[in-house]
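The figures here come from the full heavy-atom set of this structure, side chains too, leaving out hydrogens, waters and symmetry mates. Numbering starts at 1 and runs along the sequence shown.
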Amino acid sequence: MKNIYSVLKEHFGYFSFRPGQEGIIRAILSGRDAAAIMPTGAGKSLCYQIPALAFDGITIVISPLISLMQDQVRTLIASGVRAAYINSSLTPGQTALALRNATKGMYKIIYAAPERLDSPSFLSFAMNSDISLVAVDEAHCISQWGQDFRPAYLRIAEFITKLRKRPVVTAFTATATEKVKQDIISKTGLVSPYLFKGGFDRENLYFSVEQPFDRMDRAKNYILSHKNDSGILYCLTRKQTEDAVRRLSAEGISIGCYHAGMSDEARKKAQDDFIYDRIKVIAATSAFGMGIDKPDVRYVIHMNMPARMEDYYQQAGRAGRDGMEADCILLFSGRDVGLNRYMIEKEPEDDPLTPEQRKEYNRARLACLDSMVYYSTSKHTCLRRRILSYFGQNAPESCHNCSICRKKPIELPEVFPMLLQYDESLFEALKNGCRRMAIFAGVPSYTIAGEKVLKEMAARKPETITQLRQVEGFGEEKIRRWGADFIAIIKKYNK
């Protein structure tokens, strides 16, 4: 079993763990099941990826979205980890090849959709392999009370019983009420699990609620003033999404469209264009985002109030995953309340719930809507405090980083005095160089180095491999593949 700190530095380039990570990892490595609720950007994936590399056998990660699997595998391979995914995006021949390679032990981590667990070929592979760990990602999908219920998740516990030996089983999610948490533990079949519920605060995120006369005009002006930043514009309906793209495109904004009414091919193109920085902004419904691990999203604008705080915080949390400052702006109108109430009370076709279950479910959703209205109409109470209180966590009276608190006198001289001083011109040179490397490698630029890593390079200005190893987030495989290129850029700049 490898030392977890050497794995952390070698593959991921970090010198220390974030809060909660080490405790979860050590529990898993001791052979104990685990369940963790950690907000977006808190580093959930490392909590199962590091044990996967420390264990002798194979880790199966059950994940709900193709894009999520592809992004994780792409990032792992760039970090020197043998990983693969098996899902419906592969042809039968590709799937057969991947399973043959997996059976030979060519991969340490294999991502699979929950529907794949019923496949005879996948089950044969799993039953005849040394499976050390099963990690259930986006585990709230196992609960009908979660925001993305996925019936196939209910078969995970049965799948685990079919393996020749029971592996360590873990479950991870970003947000979960007490009811969802209990569903995760019971329906995944966790045995006396190590439980961790992380702090939900994302200090780098600025929260704002506005009630502009023209929401699209406000969004347009914000985006035009942040032309060089990547951002997401969330809309409630498909029509509103398409209208936003049409109006903003007319202003010369590089923007794509994403909603469930588009073809799979069109959605994939829009998502890839955003991930690979071919467009800066994407207008989307809530169908977009769960599989996106793009760390340099600098803002998320909601054109409407979501119906639930869980949905809002998960979507807003796609901003600033690299730990750097980002804006989360909610553009509210009283019309949002009636529209959300209508969508909640509208009876779905082929409802899997009984009338009594549907009544209880709708009652719970209406209570969630009330909480969002309470947040969106706040005049005096800190917005971050309202969010954290919803998730059962205490918060100070003022956070100094929301639209309510910034109206009050700020005692601190700066909101973020913990900020890195870097050479902006060198940063731009490194950023452009990273894009060229990414195009050549066929990966998103953040897979090689995110903005936070590039800014640290621009601050440290390393000219040797030894100095480059001091840059956090840049592991040995990345140094081997791209280190000399970055050093060359820095040396040329320093001449």
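- Of all non-hydrogen atoms in Ile131 and Pro167, the two that sit nearest each other are O-CB, 3.3 Å.
- Side-chain N/O atoms of Arg318 and Tyr234 include a donor and acceptor closer than 3.5 Å.
- Pairs passing the salt bridge (charged side-chain N to carboxylate O under 4.0 Å, His left out) check and including a residue from residues 180-190, sequence neighbours excluded, read Glu178-Lys181, Asp183-Lys187.
- Within the 3.5 Å criterion, the main-chain N or O of Val180 finds no donor-acceptor partner in the side chain of Ser143.
- Residues satisfying the ring pair (Phe, Tyr, Trp, His ring centres under 6.0 Å) test with Phe391, not counting sequence neighbours, are Phe200, Tyr313.
- Taking a cutoff of 4.0 Å between a charged side-chain nitrogen and a carboxylate oxygen, Glu265 and Lys268 do not qualify as a salt bridge.
- Within a 6.0 Å sphere centred on NZ of Lys9, heavy atoms belonging to other residues, nucleotides or ligands number more than 12.
- Note that CG of Asp33 and CD1 of Ile185 are 10.5 Å apart. Values are rounded to the nearest 0.5 Å.
- Residues satisfying the side-chain contact (heavy atoms from CB on, under 4.5 Å) test with Arg267, not counting sequence neighbours, are Tyr258, Met262, Asp264.
- Judged by distance alone, with hydrogens and angles left aside, the side-chain atoms of Arg384 form a donor-acceptor pair with the main-chain N or O of Leu205 at under 3.5 Å.
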| request: Test side chain to side chain contact (heavy atoms under 4.5 Å, CB included) on Leu8 and Ile4 and set out the steps. | output: CA-CA 6 Å; Leu8 180 69; Ile4 60 174; over 6 Å; no
| message | Run His259 and Thr285 through side-chain hydrogen bond (donor to acceptor under 3.5 Å, both in side chains) and show every step you take. | response | CA-CA 5 Å; His259 61 67; Thr285 61; 6.0 Å; no
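- A salt bridge links Arg469 with Glu476: the distance from a Lys NZ or Arg NE/NH1/NH2 to an Asp or Glu carboxylate oxygen falls below 4.0 Å.
- A salt bridge does not link Lys294 with Asp71: every distance from a Lys NZ or Arg NE/NH1/NH2 to an Asp or Glu carboxylate oxygen is 4.0 Å or more.
- A donor-acceptor contact under 3.5 angstrom links the side chains of Asn304 and Gln240, judged on distance only.
- Residue-environment remark: CZ (Phe15) exceeds the threshold of 12 foreign heavy atoms within 6.0 Å.
- Looking at every heavy atom in both residues, Ile58 comes nearest to Ala102 through CD1-O, 3.8 Å.
- Checked against the 6.0 Å centroid criterion, the rings of Tyr312 and Tyr375 qualify as a close aromatic pair.
- The two residues Arg202 and Gly320 make their nearest non-hydrogen contact at NH2-O, 3.1 Å.
- Between Gln393 and Asp201 the shortest side-chain heavy-atom distance does not fall below 4.5 Å.
- Distance CD1/Ile142 to CD1/Ile156: 5.0 Å, rounded to 0.5 Å.
- Residues Tyr390 and Glu310 have side chains that bring a donor and an acceptor to within less than 3.5 angstrom of each other.
- Between Arg150 and Glu115, at least one side-chain N (NZ, or NE/NH1/NH2) sits under 4.0 Å from a carboxylate O, which counts as a salt bridge.
- Under the 3.5 Å distance criterion, the side-chain polar atoms of Glu158 are left unmatched by any main-chain donor or acceptor of Arg155.
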| task | Applying salt bridge (Lys or Arg N to Asp or Glu O under 4.0 Å), run through Glu451 and Arg298 and close with a yes or a no. | result | CA-CA 11 Å; Glu451 285 192 3; Arg298 298 270 67 87; 3.5 Å; yes
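- Ile404 contributes atom CD1, which lies 4.5 Å from atom OG of Ser378 (distance to the nearest 0.5 angstrom).
- Between Gln49 and the choices Gln72, His11, Lys108, the side chain to side chain donor-acceptor pair (under 3.5 Å) rule is met once, by Gln72.
- Donor-acceptor pairing under 3.5 Å is lacking for the side chains of Ser286 and Asp311.
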